[in-house]
S.K.: 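Let me give you the structure first, and then I'll get to my questions.
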Amino acid sequence: MADICSLREAVSGLIHDGDTVAMEGFTHLIPHAAGHEVIRQGKRDLALVRMTPDLIYDQLIGAGCATSLRFSWGGNPGVGSLHRLRDAVEKGWPHKLAIREHSHADMANAYVAGASGLPFAVLRGYIGSDLPKVNDSIRFIDCPYTGEKLATTPAVRPDITVIHAQQADRQGNVLLWGILGVQKEAALAAKKVIVTVEEIVDKLDAPANACILPKWVVSAVCHVPRGATPSYAHGYYERDNRFYLAWDAIARNREAFTAWIQRHILDTEDFEGFLRVHAESQQEMSA
Amino acid sequence: MADICSLREAVSGLIHDGDTVAMEGFTHLIPHAAGHEVIRQGKRDLALVRMTPDLIYDQLIGAGCATSLRFSWGGNPGVGSLHRLRDAVEKGWPHKLAIREHSHADMANAYVAGASGLPFAVLRGYIGSDLPKVNDSIRFIDCPYTGEKLATTPAVRPDITVIHAQQADRQGNVLLWGILGVQKEAALAAKKVIVTVEEIVDKLDAPANACILPKWVVSAVCHVPRGATPSYAHGYYERDNRFYLAWDAIARNREAFTAWIQRHILDTEDFEGFLRVHAESQQEMSA
Amino acid sequence: MSIYTTNEMMTVAAARRLPDGAVCFVGIGLPSTAANLARLTSAPNVVLIYESGPIGAKPTVLPLSIGDGELAETADTVVSTPEIFRYWLQGGRVDVGFLGAAQIDRFANLNTTVIGPYDAPKTRLPGAGGAPEIAGSAKEVFIIMRQSKRAFDDKLDFVTSVGHMDGGEARQRAGLPGKGPQVVVTDLCVMEPDPVTRELTVVSIHPGISREQITEATGWPIKFAANVVETPMPQVAELETLRALQARTDAAHGKQEGSES
Amino acid sequence: MSIYTTNEMMTVAAARRLPDGAVCFVGIGLPSTAANLARLTSAPNVVLIYESGPIGAKPTVLPLSIGDGELAETADTVVSTPEIFRYWLQGGRVDVGFLGAAQIDRFANLNTTVIGPYDAPKTRLPGAGGAPEIAGSAKEVFIIMRQSKRAFDDKLDFVTSVGHMDGGEARQRAGLPGKGPQVVVTDLCVMEPDPVTRELTVVSIHPGISREQITEATGWPIKFAANVVETPMPQVAELETLRALQARTDAAHGKQEGSES
């Protein structure tokens, strides 16, 4: 049953060193506040899973929280590289990161398999691609009826999935809408689920077939307004494209990155603190 | 691209003798009007697929339209047997019907596989059940990662799927809501799709993540108000439980059934005609 | 209010077993009646899932079909049928699968397919529906059915849905995820599988029912547990709630027999 | 209005290839620009699908990310990402997969993973994203990318997404459902696979570009078709529409480079 608590309590109680962690959100509703809190609490040895690592994992990787990453597209969307991810993979800073690369279709199917209690997924994919040569978890089977060759991938079964949603009610039922990505599947594939939300409301005013996570599949609901920033929350605020651009310069350089993490995350109390300091540094930059 | 036309034209142009046909709707939105039109046009040798044959297939089978049936629960919900189905299976009247029985989970997965362009589905099922002994299309494979034994079933790929929905717009985009069953999967698994609708509207007023079939996956949209009767259409009319009960007596007896089909379907022009005659016979019964 | 029917006793006894807060995958008919009675009495936070898609349904009248509109209207959310079977049942989210059946054997394997040979059946039943995978994947399975020699038959013509197979650890060895049938409630008694052999054993006898009646109504030499208790009689509140539910249902649907899906 | 950039020529030439009414699975960046230009000019009924979930998106400005809110707001429906890849792409509903890439070989195999050895890359690229299965399952694939010796390289360090493999009927023999790359549009020319060998062949040269420039910008001895034509210049309406789209985009997002997902 969903516990309505602070993000600090949720991360401290539910995410442990060594956990397999999925933080999902496909451009939309990326749970950045939760990512910050994991850095703030100095979690270590996390096995990260995410289709598009984005800034959220660039930060976690650069801050030394992760030992491995399963992903399918590792760029800063519309900008370029994820420099902290590349530095970890290529130069082992702050330490070596083991990567396992898949395609989007594979990852989406792997989450579906996880949510469905299956150990693997079958997809029509990878034929002619070199990815199976560098990732031996991608295999092929023959259809028992037609003999066709199809790809398989192991299910994603995170210890914990973290997502951001627009609303929860006071019991902890969660509602999201707009671009849904793989969040429902990621949540249902996991043993535990943390959801940060824009708003806690008396009653979810949801259409019949809306995307809802009932309270009994959610471990903790945390009220964190603007918790997806610099990503966006449909109906609440837009994507901070300027910050995605600015991140390129911050992350390109180890010192700049370390200073940014120190000032914005380690030296702030919580996401509200982050937003305050972030506003200050934005002002400094434009001054 | 969806053609907006009469049900007579759609059935005549799109459903052919010998086709594999799925008419779906899980208690809700069962496309009864379309079933009637198939009988009216005397289609033959259909390979029927449907999770719950319900009255719609009892009628088609009794009227001699079908040679085989793939299904997972063959009763009159809340009432008892489907007598025409039983008579065809057990006594070969009006001719022999070959049946292939699955479970609901299997059928649901088989439609998903069909919609997903896969030749088969994997599910955790059937262990300890005798169904695989009487249905050799149910097989087992070993997970390539864990070695677990899992069941497989061939995908459903109908030549044509027929569903009923609440609304379409004038371009033929279709919206349904409430209990969705397997309709979206059944439609996307098929080569052609006929949708009968309660209403044609200028603009679908659908929430962001509603169940929509875009016009370009729909072959024909037919405006047939009350076209799911005696099933129901959420927001339009309720289930005619009385008729489900009355069906038991009609279908129990070959002569009564034949007379009913003659008067209500063969001797009527279309579903509007059926509704008129049906109202008359209801009145006679209560008189 | 000590006058109640055997059906009422059965329904009340089954309802009481449902833990509050349990996520319950409900078959139509007797299971749905018992699960909704539980929701209205001892288990107000039970979460009812129907295979047609509603999750957290709270119907005011009993559904006649597995996909009644009221299930959708009162649910927390309505998903597709594939999602119900894939993410919710197979995904391991169901605590209790609540089933009925036409026949059951001593290890609680269930038949809803045929009586007699499959190719030339004496009685053709509706078939599997959701039961095989509910029986396999729900963490526990509860069974409710009226007891008779014909229904409690040790040599099933067809096993539609798995119980404890041939007993002991067979089920676990077969790799089935759920624990299987944990209780069978009838109009005469309550049975539970023996902890070692998994053979159904009477643990509680309904008031006024004799051991002989139970033995007579079972197709094999039924065992009784060391400490058989008397099932507590239906309480006034339970009966009133059940009768009001049935009256609302009859008023809404017209009276008719129930059938499983 | 005969002054236009090579990027504009490339985008216009690519947009013109998209048949009206086609269902087009769009990558972010150049493919998205060309597909939206087509929608605003020659192919008003094109259906744009983005991997984040929108089906039938009609954005007024170009999306910066693959999951911009405007894609959802203007779409006919928004489904989950698994559904996009399972029911719509793998289900065979996509007519044209529109891709970019960092590198391409003579049989239109694509690299978006690494330049140099996989374990010690000279340049690490973002990776696969949706491309491998778009390249496999879309009925046809269109490719748009700027031409250079580095990008048009006959010895790819890594094949991320399949083109015509090693040519001829290789792709069909491998059981791939789609027909594979049917056109490659660059800032210099338009190439199509030879009908027999499937080797990319120049079929149309943009105005003012010489054969030498194309040969110079290709990492293998590029072939020219028997009847090479000159690509028609961008028309005033095309340029105006494209420039207005870019201006609206810059106003909404601030000017920045595009990148593929």
Side-chain angles (χ1 to χ4, degrees), chain A residues 26 28-29 105 108-110 112-125 132 135-157 165-166 175-181 183-185 204-213 233-235, chain B residues 26 28-29 105 108-110 112-125 132 135-157 165-166 175-181 183-185 204-213 233-235:
Chain A
F26 206 102
H28 181 214
L29 294 174
N109 275 288
V112 168
S116 303
L118 290 175
F120 75 109
V122 176
L123 69 150
R124 211 178 268 290
N135 180 346
D136 64 9
S137 75
I138 301 167
R139 299 185 190 160
F140 294 91
I141 54 164
D142 295 328
C143 168
Y145 304 95
T146 63
E148 282 169 272
K149 186 175 159 190
L150 296 157
T152 64
T153 189
V156 174
R157 301 296 312 253
Q166 280 105 333
L175 168 66
L176 45 165
W177 69 84
I179 287 180
L180 302 174
Q183 282 102 302
K184 185 173 193 175
E185 287 74 17
L204 298 176
D205 187 22
N209 307 112
C211 183
I212 296 234
L213 289 171
H234 209 131
Chain B
F26 207 102
H28 182 213
L29 294 174
N109 275 288
V112 168
S116 303
L118 291 175
F120 76 110
V122 177
L123 68 150
R124 208 178 269 291
N135 180 343
D136 64 8
S137 75
I138 301 167
R139 300 185 190 162
F140 293 91
I141 53 162
D142 295 328
C143 168
Y145 305 94
T146 64
E148 283 169 271
K149 187 175 158 189
L150 296 157
T152 65
T153 190
V156 175
R157 299 297 311 254
Q166 281 105 331
L175 168 65
L176 47 166
W177 68 85
I179 287 181
L180 302 174
Q183 282 102 301
K184 186 174 191 174
E185 287 74 16
L204 298 176
D205 187 22
N209 307 112
C211 182
I212 296 232
L213 289 172
H234 208 131

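Model, not experiment: these values are computed from the prediction. So that the names make sense, note that chain A is the first sequence line, chain B the second, and so on, each numbered from 1.
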S.K.: Below 4.5 Å from any heavy atom of chain A, which atoms of B:Pro154 appear? Answer side chain, backbone, both or neither.
M.R.: both

S.K.: Between B:Tyr145 and A:Ala155 (side chain of the first, backbone of the second, donor and acceptor by atom type, cut-off under 3.5 Å), is there such a pair?
M.R.: no

S.K.: Among B:Ile179, B:Thr153, B:Leu123, which has the most heavy-atom pairs under 4.5 Å with chain A?
M.R.: B:Thr153

S.K.: Answer with side chain, backbone, both or neither: which region of A:Leu118 has an atom nearer than 4.5 Å to a non-hydrogen atom of chain B?
M.R.: both

S.K.: Among B:Gly178, B:Pro207, B:Ala113, single out the residue with the greatest number of heavy-atom pairs under 4.5 Å to chain A.
M.R.: B:Gly178

S.K.: Output all residues satisfying side-chain contact (heavy atoms from CB on, under 4.5 Å) with B:Pro119, sequence neighbours left out; order by chain, then residue number.
M.R.: A:Arg124, A:Cys143, A:Thr146, A:Glu148, A:Leu150

S.K.: Only counting residues at least two apart or in another chain, list the ones meeting side-chain contact (heavy atoms from CB on, under 4.5 Å) with A:Cys211.
M.R.: A:Leu176, A:Leu180, A:Lys184

S.K.: Quick check on the interface: out of A:Ile141, A:Thr152, A:Asn209, A:Val122, who has the most heavy-atom pairs with chain B under 4.5 Å?
M.R.: A:Asn209

